[in-house]
Amino acid sequence: MQAVNALIQEKLHSEIGLIDQLGHYIVNSGGKRLRPALVLLSARCFGHCGNLHILLAAVVEFIHTATLLHDDVVDASKLRRGKATANQRWGNEASVLVGDFLYSCAFRMMVEAGNMRVMDIMAEATQTIAEGEVLQLTNRHDPDTTEQRYLQVISNKTAKLFEAAARVGAVVAGQNRDTEQALAAYGRRLGVAYQLIDDVLDYDAPSAVLGKNIGDDLAEGKPTLPLLYALWHCPEQQATLLKNAITRGSLENLEQVRAAITATGALEYTRNLAQQEAEHARNALAGLPRSDYLDALHTLARFAVERRY
């Protein structure tokens, strides 16, 4: 990870001062680096000893960071990881354009890697993420969003990059398609579990711990699973309140919304689903050679659902 971070700093450099400043601000703002860790761990599971996994771990982090910059503009977010968002500090235009710069860096680095299979995986992942963003946009302010539509959004928007990260680690280690598919399944299930817990924490963690404002999803009119489950299982009067909150994207009745979510067991339902996904992720690793790196992948699956931030 030290090598990955050093490479990120090197590739971030630009003669354009604003790119340099904003890019370093967002990349160094305290992210967990889970996605690049997946590249490193999956490659090392099979004894890969070159430097290609380090390059691709940086690629994955650049793509992730670019999506964050664009997400915060779309969502009009003001706080991320306990700090002001880049769009809050420098404006929407700068955030979008620096996000584009990071995408460009990522694809230039992929060309440098010289592996067409990796290029195909990452290009498909980037397209799927964009589709997930658009699907999430169409679900906004829609209280009739189904669980299937919600899960499709998080599968595309979040889980796809986890999947790609785990998959390319197996590719650079020269593994066959069956092993590649196993790591991809692990990453996909891990990503779904991770996002489910993110959506729980939006209603169930202090802002200081979470690093963003409680109720941000509600303020943006996002019908996430805890909110939808509460809507489906609460009394009619509360259901009307929840529908109005989703439709308007308002925090006016946040405490009543949180009370409904708690009363219906929505957080427990979502956590249980995340636990199931994490278990599927761990099961996908069955048959892989035992190593510290494999143990770390199992640990990540536990962390994804036990974390509080």
Side-chain angles (χ1 to χ4, degrees), residues 26 31 34-36 38-39 56 59-77 80 85 87 92 95-110 116-168 171 180-181 183-199 202 216-217 220-225 227-228 246 249 270 273-274 277 280-281 304:
I26 184 70
L34 288 184
R35 296 155 188 84
L38 286 179
V39 180
L56 294 176
V59 165
V60 166
E61 185 66 9
F62 271 43
I63 290 174
H64 173 55
T65 305
T67 66
L68 296 185
L69 284 168
H70 289 170
D71 281 358
D72 286 344
V73 170
V74 172
D75 297 339
S77 299
R80 181 178 287 279
T85 56
N87 52 298
N92 289 340
S95 291
V96 170
L97 294 173
V98 173
D100 292 345
F101 171 81
L102 294 178
Y103 273 128
S104 301
C105 285
F107 278 87
R108 186 173 181 182
M109 291 160 68
M110 275 188 266
M116 283 302 298
R117 177 68 184 140
V118 167
M119 284 281 287
D120 183 48
I121 292 167
M122 297 310 303
E124 191 228 349
T126 305
Q127 179 178 339
T128 301
I129 292 166
E131 290 174 339
E133 291 286 1
V134 175
L135 184 58
Q136 179 174 264
L137 191 63
T138 64
N139 284 351
R140 271 195 184 178
H141 304 293
D142 183 2
D144 294 324
T145 299
T146 63
E147 184 168 328
Q148 181 181 7
R149 277 167 57 195
Y150 161 81
L151 290 172
Q152 185 64 54
V153 167
I154 67 174
S155 293
N156 288 11
K157 182 176 176 287
T158 302
K160 190 64 179 181
L161 193 55
F162 279 80
E163 174 189 328
R167 186 190 291 267
V168 296
V171 170
E180 181 187 319
Q181 291 288 357
L183 267 296
Y186 165 83
R188 182 170 59 254
R189 297 287 196 165
L190 176 68
V192 171
Y194 186 88
Q195 186 59 55
L196 285 165
I197 296 301
D198 250 20
D199 293 343
D202 193 61
D216 271 358
D217 288 344
E220 294 155 14
K222 291 180 183 176
T224 59
L225 189 55
L227 187 57
L228 290 170
I246 295 170
T270 307
L273 188 56
E277 290 295 318
H280 285 305

How close do Ile197 and Ala274 get, heavy atom to heavy atom, and via which atoms? CD1-CB, 3.7 Å
Any side-chain to backbone donor/acceptor pair from Thr85 onto Ser77? Under 3.5 Å, distance only. yes
List the atom of Ala165, the atom of Leu38, and the distance in Å for their closest heavy-atom pair. CB-CB, 4.0 Å
What distance do Lys157 atom NZ and Leu137 atom CG have between them, rounded to the nearest 0.5 Å? 11.5 Å
Check Ala66 against Gly99 and note the closest heavy-atom contact, atom names and distance. CB-O, 3.4 Å
Any donor-acceptor pair under 3.5 Å from Asp202 side chain to Asp217 backbone: yes
Between Asp75 and Lys222, is there a side-chain N and carboxylate O pair less than 4.0 Å apart? yes
Between CZ on residue Arg140 and OG1 on residue Thr145, distance to nearest 0.5 Å: 12.0 Å
Which pair of non-hydrogen atoms, one from Leu196 and one from Thr270, has the smallest distance, and what is that distance? O-CG2, 3.6 Å
Interatomic spacing from CD1 in Ile246 to CG in Asp144 - rounded to 0.5 Å: 9.0 Å
Arg167 and Arg117: side-chain contact (heavy atoms from CB on, under 4.5 Å), yes or no, with the steps? CA-CA 10 Å; Arg167 186 190 291 267; Arg117 177 68 184 140; 3.7 Å; yes
Counting only N and O atoms by type, is there a donor-acceptor contact under 3.5 Å from the side chain of Asp142 to the main-chain atoms of Pro223? no
Mind checking the CZ-CZ spacing from Arg35 to Phe62? Nearest 0.5 Å is all I need. 15.0 Å
If you look at every heavy atom in Ser95 and Leu69, which pair is closest and at what distance? O-CB, 3.7 Å
Results of salt bridge (Lys or Arg N to Asp or Glu O under 4.0 Å) for Glu131 - residues two or more places apart only: none
Using ring pair (Phe, Tyr, Trp, His ring centres under 6.0 Å) as the criterion, list what pairs up with His70, not counting sequence neighbours. Tyr103
Which residue in the set Thr224, Thr158, Val153, Leu225 passes side-chain contact (heavy atoms from CB on, under 4.5 Å) when paired with Gln195? Thr158
Euclidean distance, Cys105 SG relative to Glu61 CD, rounded to 0.5 Å: 13.0 Å
Please table the atom pairs, donor to acceptor, closer than 3.5 Å between any side-chain atom in residues 184-194 and protein atoms at least two apart or in another chain.
| from | atom 1 | to | atom 2 | distance (Å) |
| --- | --- | --- | --- | --- |
| Tyr186 | OH | Leu297 | O | 2.5 |
| Arg188 | NH1 | Glu163 | OE1 | 3.3 |
| Arg189 | NH1 | Glu277 | OE1 | 3.2 |
| Arg189 | NH1 | Glu277 | OE2 | 3.1 |
| Tyr194 | OH | Lys32 | NZ | 3.1 |

Report the C-alpha distance between Arg149 and Leu228 in whole Å, list the side-chain angles of each, state the deciding distance to 0.1 Å, and finish with yes or no for side-chain contact (heavy atoms from CB on, under 4.5 Å). CA-CA 11 Å; Arg149 277 167 57 195; Leu228 290 170; over 6 Å; no
Could you tell me the separation between the CD atom of Glu124 and the CE atom of Met122, rounded to the nearest 0.5 Å? 10.5 Å
